> 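Let me give you the structure first, and then I'll get to my questions.
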There are 2 protein chains.
Amino acid sequence: MITNETVELDVAANILKVLGDKTRLAMVKIVSENECCVCEFVDLFDMSQPAVSQHLRKLRDSGIVKERRKGQWIYYSLNPSYPYHSFVLQIIKNLPSQHYRIEELEAQGKRVTCCDE
Amino acid sequence: MITNETVELDVAANILKVLGDKTRLAMVKIVSENECCVCEFVDLFDMSQPAVSQHLRKLRDSGIVKERRKGQWIYYSLNPSYPYHSFVLQIIKNLPSQHYRIEELEAQGKRVTCCDE
DNA sequence: TGAATATATAATAATATACTTATACAATGA
DNA sequence: TCATTGTATAAGTATATTATTATATATTCA
């Protein structure tokens with residue numbers, strides 16, 4: 001749901017800066033559709049694990065996404081308690097779904113098993 | 001008016017990167033409400049003329065804003081023919097109005113006279 | 001407890017960004 | 001035509017960003 005609250009200029013600029021990177025924008029769209037863990041991003045983006053971690057840290061530090069540890073894995077998802085969550089949703093809603101990427105991972109057997117809990 | 005067209009990920013990331021700067025985001029919000037020329041931005045942001053010009057160039061090169069020469073002055077405004085115009089509108093619609101800034105300029109007599117044409 | 005796996009962090013290097021100063025270009029008006 | 005004003009561009013510099021490599025931390029399991 002999209003509300004009509006105004007977002008201060010500098011807050012908005014910071015959010016847009018964090019989202020203004022192709023990798024991070026894709027990450028945000030992906031976690032808005034599927035909870036996802038670090039090693040899956042490594043596969044999805046064909047990128048080193050530290051590089052992925054550092055992008056995720058920016059997203060986490062800003063508050064846009066949150067993490068949830070499950071055993072050895074840390075799952076990332078959109079953070080609905082983020083004060084500017086609806087602003088983020090509004091931005092990503094017109095991005096093409098990235099669900100097909102998750103399906104490709106599954107087809108390759110690379111999706112982390114998380115069917116418990 | 002906001003349409004529901006999807007915006008490719010890398011296109012969106014580039015737009016967000018351009019808007020992910022406080023000065024440029026303010027510029028875009030301002031020109032969405034008032035056509036504005038370079039020297040006015042210099043006053044508004046208390047910033048050097050070349051710095052302003054370089055920000056405007058990024059906005060112009062991306063297609064987000066357009067320019068119109070009027071005598072010695074060059075006026076900037078949102079570019080409604082930009083293919084992703086509605087995406088930009090959607091982003092800036094929740095930013096606080098910057099019209100008061102223009103009114104302050106007017107009160108100080110610093111608004112460029114553009115009452116002709 | 002120790003090895004294996006998942007993730008985070010630190011240090012570093014390459015590149016990008018956003019200013020500054022100096023200068024060029026364009027339009028106006030005496 | 002020349003001085004003035006508004007704007008753009010070029011060159012240089014300081015800082016920020018994003019990757020890499022190396023290492024640390026955390027969890028699981030034998």
Side-chain angles (χ1 to χ4, degrees), chain A residues 10 13-28 31 35-62 64-77 105 109-117, chain B residues 10 13-28 30-31 35-62 65-77 105 109-117:
Chain A
D10 46 356
N14 283 333
I15 295 170
L16 298 175
K17 178 188 254 180
V18 172
L19 298 181
D21 173 276
K22 192 183 174 180
T23 300
R24 286 194 296 269
L25 190 60
M27 284 173 159
V28 169
V31 300
E35 212 179 24
C36 209
C37 74
V38 181
C39 57
E40 291 171 330
F41 285 125
V42 171
D43 281 333
L44 282 170
F45 297 120
D46 196 28
M47 190 177 253
S48 76
Q49 177 267 318
V52 165
S53 256
Q54 286 163 33
H55 281 300
L56 286 169
R57 179 164 55 167
K58 288 206 173 187
L59 291 171
R60 183 169 22 89
D61 285 354
S62 73
I64 295 171
V65 307
K66 64 184 178 66
E67 60 177 42
R68 171 175 79 92
R69 182 178 274 278
K70 184 75 209 303
Q72 322 175 63
W73 295 278
I74 298 182
Y75 289 94
Y76 284 88
S77 55
L105 270 193
K110 290 181 178 171
R111 183 89 165 126
V112 168
T113 59
C114 57
C115 312
D116 42 325
E117 175 181 4
Chain B
D10 47 354
N14 282 333
I15 295 170
L16 298 174
K17 178 187 256 180
V18 172
L19 298 181
D21 173 276
K22 192 183 173 179
T23 301
R24 286 193 295 269
L25 189 61
M27 284 173 158
V28 169
I30 287 170
V31 300
E35 211 179 24
C36 210
C37 74
V38 180
C39 57
E40 290 170 330
F41 285 125
V42 171
D43 282 332
L44 283 170
F45 298 119
D46 196 28
M47 189 177 253
S48 76
Q49 177 268 316
V52 165
S53 257
Q54 285 162 28
H55 282 300
L56 286 169
R57 181 165 52 168
K58 288 207 172 187
L59 291 171
R60 183 168 22 88
D61 285 353
S62 73
V65 307
K66 64 184 176 67
E67 59 176 44
R68 172 175 78 93
R69 182 177 274 279
K70 184 75 208 303
Q72 319 174 65
W73 294 278
I74 297 182
Y75 289 94
Y76 284 88
S77 55
L105 270 194
K110 288 180 177 171
R111 183 90 164 125
V112 168
T113 59
C114 57
C115 312
D116 41 324
E117 174 179 4

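Predicted model, so just to flag it, every value in this text is computed and none were measured. Note on naming: letters A, B, ... go to the chains in the order of the sequence lines (proteins, then strands), and numbering restarts at 1 for each one.
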> What does A/F41 touch in the nucleic acid at a heavy-atom separation under 4.0 angstrom: a base, only the sugar-phosphate, or nothing?
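No contact.
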
> Once you round it to whole Å, what is the distance between P of C/dA18 and CZ of B/F45?
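Going from CZ in B/F45 over to P in C/dA18 covers 14 Å.
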
> Let me know, please, whether A/Q72 or A/S48 comes out on the 5' side of the other along DNA chain D by nearest nucleotide.
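Looking at the nearest nucleotide for each, A/S48 comes out on the 5' side.
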
> Round to a whole Å and report the spacing from CD of B/Q49 to P of C/dC25.
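To the nearest whole Å, that distance equals 15 Å.
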
> Atom CZ of A/R24 and atom CD of A/Q54: how far apart are they, to the nearest 0.5 Å?
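These two atoms lie 10.5 Å from each other.
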
> Considering only D/dA8, C/dA18, C/dT7, which nucleotide approaches the side chain of A/V38 most closely?
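Selected nucleotide (nearest to the side chain): C/dT7.
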
> Find the distance A/E67:CD to C/dA6:C1' and express it as a whole number of Å.
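Going from CD in A/E67 over to C1' in C/dA6 covers 13 Å.
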
> Should the pair B/K110-B/E40 be classified as a salt bridge under the 4.0 Å nitrogen-to-oxygen rule?
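Looking at B/E40 together with B/K110, the answer is no, because their closest N to O distance does not fall below 4.0 Å.
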
> Work out how much the helix from C/dT1-D/dA30 to C/dA30-D/dT1 bends between its end axes, five pairs an end, to the nearest 10 degrees.
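Its terminal axes enclose an angle near 10°.
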
> OP1 or OP2 of D/dG6 less than 4.0 angstrom from a side-chain nitrogen or oxygen of B/R69, does that happen here?
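False: B/R69 side-chain N/O out of range (4.0 Å or more) of D/dG6 OP1/OP2.
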
> Taking only the side-chain heavy atoms of B/M47 (C-beta and beyond), determine which of C/dC19, C/dT9, D/dA8 contains the nearest atom.
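So the side chain of B/M47 is nearest to C/dC19.
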
> If you compare all heavy atoms of A/G71 against all heavy atoms of A/R69, which two are closest, and at what distance to 0.1 Å?
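Heavy-atom minimum between the residues: O-NH1, 3.1 Å.
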
> Is B/K22 touching bases, backbone alone, or none of the nucleic acid, heavy atoms closer than 4.0 Å?
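Nothing, no nucleic acid heavy atom in range.
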
> Is a donor-acceptor pair below 3.5 Å formed from side chain A/Q54 to base D/dT20, judging by atom type as modelled?
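Side chain to base: pair present.
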
> How close or far is atom P of D/dT18 from atom CG of A/L25, stated in whole angstroms?
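Distance, rounded to whole Å: 13 Å.
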
